[in-house]
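Because the structure is predicted, anything quoted here is derived from the model rather than measured. Letters A, B, ... are given to chains in the order of the sequence lines, protein chains preceding strands, and every chain is numbered from 1.
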Amino acid sequence: MSESNTAVVNKTSNVRRILLIPLAFFFVLITILALGFRLDDPHLLPSVLIDRPFPEFSLTELHEPARVLTVSDLKGEVALVNVWATWCPNCVIEHPVLMRIANEEGVPLYGINYNDESVKARRWLERYGNPYQFNMVDNEGKLGIDLGVYGAPETFLLDRKGVIQFKHVGAVTPALWSSTLEPLIKQLRSES
Amino acid sequence: MIRLSVFVVLLALISPGFAAIDAYSFPNDELRDRYHTLIDELRCPQCLNTNLAGSDSMISKDLRREVHRLLLEGRTDDEVLDFMHERYGDFILYEPRVSTGTLVLWFGPLLLLLLALIIGFRVANRRSSVRELTEDEQNQFAKLIDPQLIDPQFIDPQFIDAAKEKN
């Protein structure tokens, strides 16, 4: 009698041990999901363009319509490319930060006027200031699409060879400059 | 019953909202159908949970225009999806590509199901691995069961005779 009792107890604990597996799996899953949902704002897509060369394009300049810009105009120096538009309120907010970076930090800043109207864009720059070396007119948003842009403002950091090293969705802030952009620029500049 | 049927039919007729009104022309129905299928399968990058068909956002309008352009250029459905995936990543496809990053997404539920089935089997089999009692055990059992104390309807018939014999 007691022998069969022991046998029954062993079988039960084996069953119980197997049932712990899905429970453990569940806790692992919960942890992964909790971390994943907390880490990033789901509105921000990870950029698939990191480490890929800036896409080819052929666009006119905002103030000189006869001038055609291509990707080679972005190469040669570590540079920032900023996607902006007159309909974009956060672009107004980030603008003073870009002005400061362009004027005081000695980093070339190139603008992409995205899905906009050139007359409005020129007026906007007169009003708020123009930190850009030049502005590419992307009225149809095609260069934006090639860059995986889905709103404005967005800012890309390019190395000397025109390879995208970093992308930021949203306004550039002083905090972003000191924590991420400045150190990255220093690092890229020190590379060959 | 009629109300239920009507409800089910109406439920089935709910289609994805045709919120986007674009006047795109196609040379034939096949391209138009492919267009509609593709914009259903592509997610709006800005909207978190809407497809290109149902979104009015600027980027969705631009991307619909691109799908239209690519189809008129003669690209295949896969080429259109590749175009979007190259620029926007896994997120833009409602059916993500099978890659190391998405393996868990694709096969995780299947593995879980297999695990559940295996565990279910083993638990069920334990219960059904009831074996016949040996002669000795039958005698022991028969001694314990006294039909005069326990209502015979609760005792398995094979034991009643043995019990009557032993007691």
Undergrad: As a quick check of understanding, evaluate side-chain contact (heavy atoms from CB on, under 4.5 Å) for W87(A) and M58(B), giving each step before the final call.
TA: CA-CA 11 Å; W87(A) 45 260; M58(B) 174 188 279; 3.5 Å; yes

Undergrad: Non-hydrogen atoms of chain B under 4.5 Å away: do they reach the side chain of L49(A), the backbone, both or neither?
TA: side chain

Undergrad: Can you list everything that forms a side-chain hydrogen bond (donor to acceptor under 3.5 Å, both in side chains) with H85(B)? Sequence neighbours excluded, please.
TA: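 If we apply the side-chain hydrogen bond (donor to acceptor under 3.5 Å, both in side chains) test to H85(B), skipping adjacent residues, the hits are D90(B).
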
Undergrad: Give the cluster check for M84(B) versus Y24(B): same hydrophobic cluster or not, with ILVMFWY residues linked at side-chain heavy-atom distances below 4.5 Å.
TA: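 In one cluster with M84(B): Y24(B), yes.
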
Undergrad: Is it true that, when you exclude F27(A) itself, more than 12 heavy atoms of the residues, nucleotides or ligands shown sit nearer than 6.0 Å to its CZ?
TA: no

Undergrad: Assess the residue pair R65(B) and I145(A) against the criterion (side-chain contact (heavy atoms from CB on, under 4.5 Å)); give the C-alpha distance rounded to whole Å, side-chain angles, the decisive distance to 0.1 Å, and a yes or no.
TA: CA-CA 11 Å; R65(B) 181 199 65 209; I145(A) 289 176; 4.0 Å; yes

Undergrad: Is chain A contacted by the side chain of E66(B), its backbone, both, or neither, given a heavy-atom distance below 4.5 Å?
TA: side chain

Undergrad: Please step through side-chain contact (heavy atoms from CB on, under 4.5 Å) for the pair V48(A) and Y88(B), ending with a clear verdict.
TA: CA-CA 6 Å; V48(A) 291; Y88(B) 290 93; 5.9 Å; no

Undergrad: Which value, rounded to the nearest 0.5 Å, describes the distance between F25(A) atom CZ and L115(B) atom CG?
TA: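 One gets 7.5 Å once the value is rounded to the nearest 0.5 Å.
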
Undergrad: Quick check: do D146(A) and R87(B) have side-chain heavy atoms less than 4.5 Å from each other?
TA: yes

Undergrad: Hydrophobic clustering (ILVMFWY, side-chain heavy atoms < 4.5 Å, transitive) - are V97(A) and M99(A) grouped together?
TA: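 No, separate clusters.
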
Undergrad: Is any residue of residues 26-33 of chain B within less than 4.5 Å of chain A by heavy atoms, and which ones?
TA: none

Undergrad: Heavy-atom distance under 4.5 Å to chain A: side chain of I118(B), backbone, both or neither?
TA: neither

Undergrad: Treat each ILVMFWY residue as a node, draw an edge where side-chain heavy atoms are under 4.5 Å apart, and state whether V107(A) and L181(A) are in one component.
TA: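 Yes, V107(A) and L181(A) fall within the same hydrophobic cluster.
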
Undergrad: How long is the gap from CD1 on I119(B) to CG on L20(A), to the nearest 0.5 Å?
TA: 9.5 Å

Undergrad: So for F26(A), is it side chain, backbone, both, or neither that comes closer than 4.5 Å to the heavy atoms of chain B?
TA: neither

Undergrad: Less than 4.5 Å apart, any side-chain heavy atom of Y150(A) and any of L63(B)?
TA: no

Undergrad: Considering only heavy atoms and a distance below 4.5 Å, find which of N115(A), L29(A), L147(A) pairs most often with chain B.
TA: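 Of the options given, most contacts go to N115(A).
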
Undergrad: Is the number of heavy atoms from other residues, nucleotides or ligands within 6.0 Å of CD (E95(B)) greater than 12?
TA: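 Atom CD in E95(B) is not packed in, count stays at 12 or less.
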
Undergrad: If Ile, Leu, Val, Met, Phe, Trp and Tyr residues are connected whenever their side-chain heavy atoms lie under 4.5 Å apart, and connections chain through other members, are I164(A) and Y110(A) in the same group?
TA: yes

Undergrad: Does one hydrophobic cluster hold both L72(B) and V67(B), with members joined at side-chain heavy-atom distances below 4.5 Å?
TA: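 Yes, one cluster joins them.
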
Undergrad: If you measure from CZ on R69(B) to CD on E140(A), what distance do you get to the nearest 0.5 Å?
TA: 10.0 Å

